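A quick write-up on the structure given underneath.
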Protein chains: 2
Amino acid sequence: MTKEIPNALLGDVARAAGVSTASVSRVLNGAPHVSQRLRERVEAAIDKLGYVPDGAARALASRRIGAIGVLVPTLDNPVFSAWIDSLEQRLKHHDCRLLIATYRYDLDDEFAALRTLIQQGVDGVVLLGHDHREESIDLLQRRRLPFLTCWHNVNDPDCPCVGFDNALPARQLVEHLLTLGHRRLAVISAPTRTNDRARARLNSFLKTAEQAGYPISPGNIITVEYGIAEGAEAFEELMTRPQPPTAILCGNDTLAFGVMLAAQRSNKKIPEDVSITGYDNLPQSPFMNPPLTTVAVPAQALGDLVADAIIARINGNPSPHHQQLEAPLVIRRSTGPSTSG
Amino acid sequence: MTKEIPNALLGDVARAAGVSTASVSRVLNGAPHVSQRLRERVEAAIDKLGYVPDGAARALASRRIGAIGVLVPTLDNPVFSAWIDSLEQRLKHHDCRLLIATYRYDLDDEFAALRTLIQQGVDGVVLLGHDHREESIDLLQRRRLPFLTCWHNVNDPDCPCVGFDNALPARQLVEHLLTLGHRRLAVISAPTRTNDRARARLNSFLKTAEQAGYPISPGNIITVEYGIAEGAEAFEELMTRPQPPTAILCGNDTLAFGVMLAAQRSNKKIPEDVSITGYDNLPQSPFMNPPLTTVAVPAQALGDLVADAIIARINGNPSPHHQQLEAPLVIRRSTGPSTSG
DNA sequence: GTCCTCATTGTAAGCGCTTACAGATCTTGG
DNA sequence: CCAAGATCTGTAAGCGCTTACAATGAGGAC
């Protein structure tokens with residue numbers, strides 16, 4: 001509760017320590033060529049005056065703000081908040097902050113938010129997925145701003161990427177179901193128009209099934225918004241079909257939860273009456289009844305990797321243009337042998 | 001894809017438009033006393049040059065950065081991400097950005113994060129709850145930084161607050177269970193040491209039960225970390241009691257989900273064998289089997305209200321010191337008459 | 001003792017914008 | 001037609017830091 005001069009400036013510290021402003025700045029920034037004695041004097045003065053550097057002035061003079069911007073469709077999805085969480089933790093080690101902006105899957109909003117971030121002077125930008133307005137990538141390139149896309153695996157020379165293959169595990173899920181004897185599959189997908197990840201999953205589901213000789217009928221392909229309620233409704237709709245599917249592939253775990261809850265409610269047994277798969281492996285997936293077969297999206301590892309990669313780019317260190325993580329299948333008891341035929 | 005001078009400055013715009021830098025700045029900031037003609041000339045020049053103002057320079061000169069800082073324990077909890085989501089949307093209308101920092105319920109980390117935010121020059125700060133290090137509030141006051149606490153309802157002259165009463169709905173939940181005939185209650189609480197919200201709920205559970213003459217026995221009070229798995233384990237522990245509780249009060253919906261899933265797994269019927277209550281009303285609560293009795297925490301309304309209140313404070317407009325929202329009980333089918341006696 | 005090198009410190013010029021103030025222009029009333 | 005007042009625009013002084021460059025001083029080699 002010390003009574004002190006409201007806001008000490010760097011110059012005040014310099015005066016108090018009897019050194020130049022440059023020296024104070026050097027101490028502050030851990031620059032080399034600073035003697036122990038001087039450092040101690042300055043640090044004492046800083047403590048005494050309760051000095052806090054002004055971020056804006058520092059940013060203006062040094063041309064960096066010590067923060068990166070991340071554009072995420074929504075924080076509503078636990079898989080994104082988990083990712084952001086680990087991204088933030090890891091960036092902290094690099095002494096770097098996070099500016100988060102959301103755009104609700106609207107790429108025009110994403111572009112607008114990107115402009116705002118650039119205006120704020122972020123040192124780098126992380127984009128999610130591969131679907132963006134051309135202007136967004138353009139702007140980043142023209143500004144020479146380090147950036148990264150993630151959560152996908154498109155090998156685009158314009159877009160460095162740290163991600164995983166959305167299609168491969170989707171194919172494996174279908175193969176898993178076919179092996180179990182399922183022949184009438186259905187898909188409940190998130191909207192795909194501005195979401196390459198959802199699109200990759202959906203296309204992979206459809207293509208794999210078709211190539212195996214068991215194409216998924218158009219009536220069994222439902223696209224709904226993200227949400228439990230939406231999953232539940234889609235399930236009910238599928239059950240009105242003359243020949244209901246024996247297995248349902250969901251574009252994400254949340255939709256799968258909706259499906260499972262709706263199934264329980266209408267007394268369908270999982271997996272005896274219908275098998276269910278998700279995609280994400282949210283914390284509660286192993287606790288569902290039965291535990292949910294899904295794909296373990298490496299959200300946390302992705303956060304760490306993205307943090308390291310963007311920092312490397314900002315520092316001008318070499319960083320691979322294209323990095324991939326595994327997204328393994330997690331087979332649990334929500335899928336089982338088909339009993340319909 | 002226009003080929004243009006990399007980074008136009010305000011001075012370039014002024015030259016291109018044939019006006020002074022002051023006029024450009026005025027147009028940029030929508031200042032009064034700017035003629036229509038001048039405004040149009042400047043706007044044309046801005047478009048032509050693709051000028052983007054430098055946030056750092058602007059912040060340094062104007063002493064505000066157009067962003068507020070929000071300190072949130074974690075983004076892991078959907079109720080917080082929903083709140084942040086609406087906070088961000090609403091602030092956008094006020095042309096204000098959000099800097100988010102998390103501290104994982106560690107108040108020393110919260111203090112450190114606060115310092116960082118202040119250093120970045122945020123125009124205001126939002127804190128969650130009433131538990132903070134004294135130094136944090138001190139720092140805010142000494143800096144004369146507009147700030148707000150929320151999510152609680154402590155009427156502290158030092159801390160303006162926009163929140164709701166955590167204790168009242170907790171009391172109503174207990175009364176609801178007592179009315180249904182339950183006499184052996186249990187509580188599964190989140191850690192309370194640095195979390196006044198959890199503490200208020202827990203204390204209200206205990207006090208209400210005790211005052212009604214049915215105190216909750218110490219063995220039936222379990223504190224666990226946030227999470228589905230944690231709720232499930234706590235349930236299993238409670239079931240090992242010689243006389244298991246007939247109703248379980250959970251500190252939040254996520255714990256309640258864990259309890260419900262564990263109950264299903266061990267073939268306990270809800271609510272016939274045991275009644276369950278939550279607290280938050282997450283999107284999936286109404287979809288559980290059976291739907292969960294809980295408290296509808298007004299996360300979204302709180303986001304809007306907090307946004308308006310902090311903006312008012314920043315602009316020096318009057319704003320109530322203490323604002324309260326309703327957090328109504330939502331009675332669903334996870335609670336029912338006690339059948340044990 | 002002189003000269004050179006290198007580690008350390010200081011000087012001062014910005015970084016790109018805002019804004020107080022002053023100056024210019026335009027109305028309007030007398 | 002002029003002065004007063006209102007409205008618009010320009011000038012220039014910062015905002016609080018960083019950093020290129022210059023200056024200083026201490027050792028060492030000769």
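The chains referred to below are lettered A, B, ... by the order of the sequence lines, with proteins before strands, and numbering in each begins at 1. None of the values given here were measured: they were computed from a predicted structure. Excluded from the calculations below are hydrogen atoms, water molecules and symmetry mates; all remaining heavy atoms, backbone and side chain alike, are included.
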B/Ser23 vs D/dT9: side-chain N/O to OP1/OP2 distance below 4.0 Å
no
Separation of D/dG14 atom C1' from A/Asp54 atom CG, nearest Å, is 14 Å
N/O (side chain, A/Ser35) to phosphate O (OP1/OP2, C/dT9) under 4.0 Å
yes
Between B/Leu9 and A/Ala22, the residue closer to the 5' end of DNA chain C by nearest nucleotide is A/Ala22
May I ask you to evaluate whether A/Ser20 reaches the phosphate of C/dT9, defined as a side-chain N or O under 4.0 Å from OP1 or OP2?
no
Whole-Å distance, A/Leu60 CG to C/dC17 P, equals 9 Å
Closest of C/dT9, D/dG10, C/dA12 to the A/Thr21 side chain is C/dA12
Just how far, in rounded Å, is C1' of C/dC15 from CZ of A/Arg64?
13 Å
Tell me yes or no: between the side chains of B/His322 and B/Asn153, is some donor less than 3.5 Å from an acceptor?
no
Could you tell me how far apart A/Ile65 (CD1) and D/dC17 (P) are, to the nearest whole angstrom?
17 Å
On DNA chain D, nearest-nucleotide positions of B/Ala61 versus B/Arg41: which is more 5'?
B/Arg41
Picking from D/dT9, C/dG10, C/dC17, which would you name as closest to the side chain of B/Leu10?
C/dC17
Between P of C/dA20 and NE2 of B/His33, the distance in whole Å
12 Å
When rounded to the nearest 0.5 angstrom, what is the spacing between CG in B/Asp131 and OH in B/Tyr105?
11.0 Å
Mind checking if A/Val19 touches a base, just sugar-phosphate, or nothing, with heavy atoms under 4.0 Å?
sugar-phosphate
In whole angstrom, give the distance that lies between atom CZ of A/Arg26 and atom C1' of D/dC21.
11 Å
Do A/Arg41 side-chain atoms and A/Ala17 backbone N/O form a donor-acceptor pair below 3.5 Å?
yes
Choose from C/dG16, D/dT9, C/dT18 the nucleotide whose nearest atom is closest to any side-chain atom of B/Leu28.
C/dT18
Pairing donors with acceptors under 3.5 angstrom, does anything connect the side chains of A/His321 and A/Asn155?
no
Distance check needed: C/dG16 P versus A/Arg58 CZ, whole Å only.
18 Å
About how many Å separate OG of B/Ser136 and CD1 of B/Ile118, when rounded to the nearest 0.5 Å?
8.5 Å
Rounded to the nearest angstrom, tell me the gap between atom CD in B/Gln36 and atom C1' in C/dC26.
18 Å
Indicate whether OP1 or OP2 belonging to D/dC15 is found under 4.0 Å from a side-chain N or O atom of B/Arg63.
no
Is any side-chain nitrogen or oxygen of B/Ser25 closer than 4.0 Å to OP1 or OP2 of C/dT18?
yes
